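Residue numbers start from 1 in every chain, and the chains themselves are labelled A, B, ... in the order their sequence lines are given, proteins ahead of strands. Remember, it's a predicted structure, so these values are computed and weren't measured experimentally.
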Amino acid sequence: MRIATFNINGVKARAQTLQSWLREDAPDVAVLQEIKSTDGAFPRDLVEDEGYTLHTHGQKGFNGVAFAAKIPLEDITRGLPGDDADEQARYIEATAIGEAGAVRICGLYLPNGNPAPGPKYDYKLAWMERLETRARAMLAEETPFLMTGDFNVIPQDEDAAAPAKWHDDALARPETRAAWRRLCNLGLTEAFRTRHPGQPGHYSFWDYQAGAWDRNDGIRIDHFLLSPWVADRMTDCTIQTEMRGREKPSDHVPVWLDLDL
DNA sequence: ATGGTTGGCGCCCAA
């Protein structure tokens, strides 16, 4: 089973990119963030014409997450538990059925949190606590699962080309990294860093501004966290860097997880 | 310290 996470930064602006990517790279499940579209306004044809089934959790203008899958997905749920007043569309879950078993896939667009400190940062930290609570629940019931998406977290300095300029940013502040470590320390495996230990220079996001891509001034913020059963079945995790150099790119690139499943 | 760019919306916000 090949799963890819991709923050597309607007489905209307990325329609052709998304369709040709599905056709050529053909993930079994594509986990999408920042569709920036309501469910009704999503151009479904571009996904369905490639043989994919689409499940969206959309919102007008901002946020929005989705699955596009060519294998069966069951029991889709929308929204992160823990705050009934939260109206932001940032979380979706589904169970993917593989040949050797099922895995619960949690697709997420974690809040950016800037400016920090402030109410947006408080929302980010509260959201991370809710995510930890959700992970604890699935571990307790021994549901094999993975969490993937745009975490808006730079886990360590080696995950940024210029780490110092991020130290006061919501993506790398000490409280953010502490919340990230609490999540990992439940017993989850961070797929990319486990497959590529100690290797700097691997990023998944480059700002549109100030020629960040041309200078390779990137950060690694799109991740996979795996429960133990899923981690045992990982065969690879890679970043599709070349996508950032194409015409009209997203500011993020896809990250791929290969499972023997 | 500032400004640089993109997307979606609607005369500015989020990233």
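A/Glu190 has a carboxylate O that lies under 4.0 Å from a charged side-chain N of A/Arg220, or vice versa, which qualifies the two as a salt bridge.
Side-chain contact check for A/Thr5 and A/Gln33: at least one donor-acceptor pair (N or O, by modelled atom type) lies under 3.5 Å. Side chains of A/Tyr208 and A/Asn9: a donor-acceptor N/O pair is present below 3.5 angstrom, by distance only. A donor-acceptor pair shorter than 3.5 Å cannot be found between the side chains of A/Gln59 and A/Gln88. Under 3.5 Å, the side chains of A/Tyr109 and A/Asn152 contain no donor-acceptor pair of N or O atoms.
Here, B/dG10 and B/dA14 have their C1' atoms 15 Å apart, quoted to the whole Å. A gap of 24 Å separates the P atoms of B/dA1 and B/dA15, to the nearest Å. For the P atoms, the distance from B/dT5 to B/dC9 is 22 Å, rounded to whole Å.
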In B/S/- notation (B base, S sugar-phosphate only, - none; protein heavy atoms under 4.0 Å), nucleotides 5-15 of chain B written 5' to 3' is BSSSS----SS
